[in-house]
Amino acid sequence: MRVGRRVAAAAALLLAAVPALAFDLQGHRGTRGLEPENTLAAFRRALEIGVDTLEMDAAITSDGVVVVSHDPELPAAITRDAQGRWLHGRGPLIHSITYAELETYDVGRIDPASDYARQFPEQTPRDGERRPALKQVFELVRSLHADHVRFDIETKVFPDRPEATLAPEPFARALLDVIRAAGMTERVMIQSFDWRTLRIVHALEPRMETVCLTARTRGLDNLAGSAWTDGHPLSDVPSVPHLVKQAGCTTWAPYHGNLTRETLGIAHELGLKVIPWTVNDPADVDRLIGWSVDGIISDYPNRVREVMARRSMPLPPRVAAAARP
């Protein structure tokens, strides 16, 4: 009995000495539900709310500037030209215009007549916001001394639209050049639905965290076939987490509606972190935290913080100095 008690006591001490894995609260496109997406205003607001990670998307202009944009083109619902007119249909591909040309477009509000506007009634308009260069986001975070904040950057490359962007290798190289120049290599993770770029990142920066994004929805199924998964067919492995592990990712980011408790358990057994997207309903946030996901990507990081606070979870620090110019 005494031996058993000593073993139990030793185990308890060991567990106490091992810090709990941190929960990663990510502001999706900054904080899309509250500010114009992927703008400096959205990143400032996310820092004010208090997040661990700024989630964003990368595109590259014709003159090689890495900018923050979810779409490869300028979407009509959130873009006005230099005369203040809403675009009709798809705007130009970012890859086809220079950074100077891109800066003539205002992305500071959603067209109120669009279906998209109805999805985000709480978003505050910020007329005059432009598509920022990635280096500007790094500069903003550095200027506010938000040294705890990390960056989750998605490569917007498409196997079914190769003409829309740079090819995977030059895209990855250009992105990594900006990250290295900013001294942010240790604070960045790269994510993608198109896993070809992740393989290239592995080769160029082996220590950088990579995140395999997955979706099985009506609009996108990047697990059908193997074009999106760099030639790794799902049929060759027992589960999606096994496919993610095979691809060399350290983190799996599934659409939250596709995640089950069983696949979450498999991922954890394989040593993967699991950070689902885009989780906006507090009930879903609470359920997923109860399942022990490793983080959440949300348009409303304020809602996630409220759930975390109710559960007495540690909260990421707020950046009070994130005042707007």
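As a basis for the values below, the full set of heavy atoms in this structure was taken, side chains included, without hydrogen atoms, waters or symmetry mates. Residue numbers run from 1 in the order of the sequence given. Because the structure is a prediction, the values reported are computed rather than measured.
Summarising the geometry, atom OG belonging to S298 is positioned 11.0 Å from atom CD belonging to E55; distances are rounded to the nearest 0.5 Å. Separation of atoms CZ (F23) and OG (S292) is listed at 10.0 Å; rounding is to 0.5 Å. With values rounded to the nearest 0.5 angstrom, E37 atom CD is found 9.5 Å from F43 atom CZ. Rounding to the nearest 0.5 angstrom, the gap separating the CD1 atom in I297 from the CD atom in Q191 is 5.0 Å. D81 CG to L74 CG: the interatomic distance, rounded to the nearest 0.5 Å, is 10.5 Å. Atoms CG and CD, from N280 and Q119 in turn, are 10.0 Å apart once rounded to the nearest 0.5 Å.
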Inset, instruction - Kindly determine whether K156 and E154 satisfy salt bridge (Lys or Arg N to Asp or Glu O under 4.0 Å), including the steps that lead there. - result: CA-CA 6 Å; K156 304 305 289 192; E154 181 181 343; 2.9 Å; yes
Inset, instruction - Test E169 against R173 for salt bridge (Lys or Arg N to Asp or Glu O under 4.0 Å), laying out the working first. - result: CA-CA 6 Å; E169 183 163 350; R173 287 184 180 276; 3.1 Å; yes
Inset, instruction - Under the salt bridge (Lys or Arg N to Asp or Glu O under 4.0 Å) rule, what do D286 and R311 come out as? Steps first, then yes or no, please. - result: CA-CA 9 Å; D286 190 65; R311 286 177 163 268; 2.9 Å; yes
Legend entry - Chi angles and distances behind the salt bridge (Lys or Arg N to Asp or Glu O under 4.0 Å) call for R196, D230: CA-CA 5 Å; R196 294 176 299 170; D230 194 30; 5.8 Å; no
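Checked by atom type and distance alone, the side chain of S192 pairs as donor or acceptor with a backbone atom of T155 at under 3.5 Å. Side-chain N or O atoms of T79 include none that pairs as donor or acceptor with a backbone N or O of A76 at under 3.5 Å. Looking at H202, its side chain does come within 3.5 Å of a backbone N or O of G248 through a donor-acceptor pair. Formation of a donor-acceptor pair under 3.5 Å by the R150 side chain with backbone atoms of D52 is not found in this model. A donor-acceptor distance shorter than 3.5 angstrom exists from the side chain of D106 to the backbone of G128, with no hydrogens or angles considered. With hydrogens and angles ignored, the 3.5 Å screen pairs no side-chain donor or acceptor of D71 with any backbone N or O of E73. In this structure, the side chain of W195 engages the main chain of L213 through a donor-acceptor pair within 3.5 Å. Between the W277 side chain and the A253 main chain, a donor and an acceptor come within less than 3.5 Å of each other. Although no hydrogens or angles enter the test, the distance criterion places a donor-acceptor pair under 3.5 Å between the side chain of Q123 and the main chain of R32. Without hydrogens or angle criteria, T53 side chain to D152 main chain gives no donor-acceptor distance under 3.5 Å.
Residues W252 and P241 come closest through the heavy atom pair CZ3-CG, 3.6 Å. In terms of heavy atoms, P316 sits closest to M308 at CD-CE, 4.2 Å. In terms of heavy atoms, S96 sits closest to S62 at C-CB, 3.9 Å. The shortest non-hydrogen separation linking P72 to R161 is CG-NH1, 3.6 Å.
A single hydrophobic cluster is seen to contain both L40 and V149, as judged by linkage of ILVMFWY side chains at heavy-atom distances under 4.5 Å, directly or through other members. Tracing side-chain contacts under 4.5 Å through hydrophobic residues (I, L, V, M, F, W, Y), one never reaches L270 starting from I275; they form parts of separate clusters. Clustering ILVMFWY residues whenever any of their side-chain heavy atoms sit less than 4.5 angstrom apart, transitively, puts I179 in the very cluster that holds V137. Criterion: ILVMFWY side-chain heavy atoms under 4.5 Å apart, direct or through other members. Under it, L243 and L198 are part of a common hydrophobic cluster. Linking ILVMFWY side-chain heavy atoms closer than 4.5 Å, directly or via other members, places L47 and M56 in a single hydrophobic cluster.
Taking the centre of each ring, F193 and F158 stay at or above the 6.0 Å mark.
Looking only at atom types and distance, the side chain of S239 has a donor-acceptor partner in the side chain of H242 under 3.5 Å away. Side-chain N/O atoms of D299 and T278 include no donor and acceptor closer than 3.5 Å. Under the 3.5 Å distance criterion, with hydrogens and angles disregarded, a donor-acceptor pair is assigned to the side chains of D63 and T61. Under the 3.5 Å distance criterion, with hydrogens and angles disregarded, a donor-acceptor pair is assigned to the side chains of E209 and T251. Side-chain contact check for H70 and N38: no donor-acceptor pair (N or O, by modelled atom type) lies under 3.5 Å. A side-chain N or O of T263 and one of T260 form a donor-acceptor pair less than 3.5 Å apart.
Residues R131 and V68 form no side-chain contact, since every pair of their non-hydrogen atoms from C-beta on lies 4.5 Å or further apart. No side-chain heavy atom of I200 sits less than 4.5 Å from a side-chain heavy atom of F171.
Across R45, R44, R29, a single residue satisfies salt bridge (charged side-chain N to carboxylate O under 4.0 Å, His left out) together with E35, and that is R45.
Comment: D281 does not engage R303 in a salt bridge, judged by the lack of any side-chain N to carboxylate O separation of less than 4.0 angstrom.
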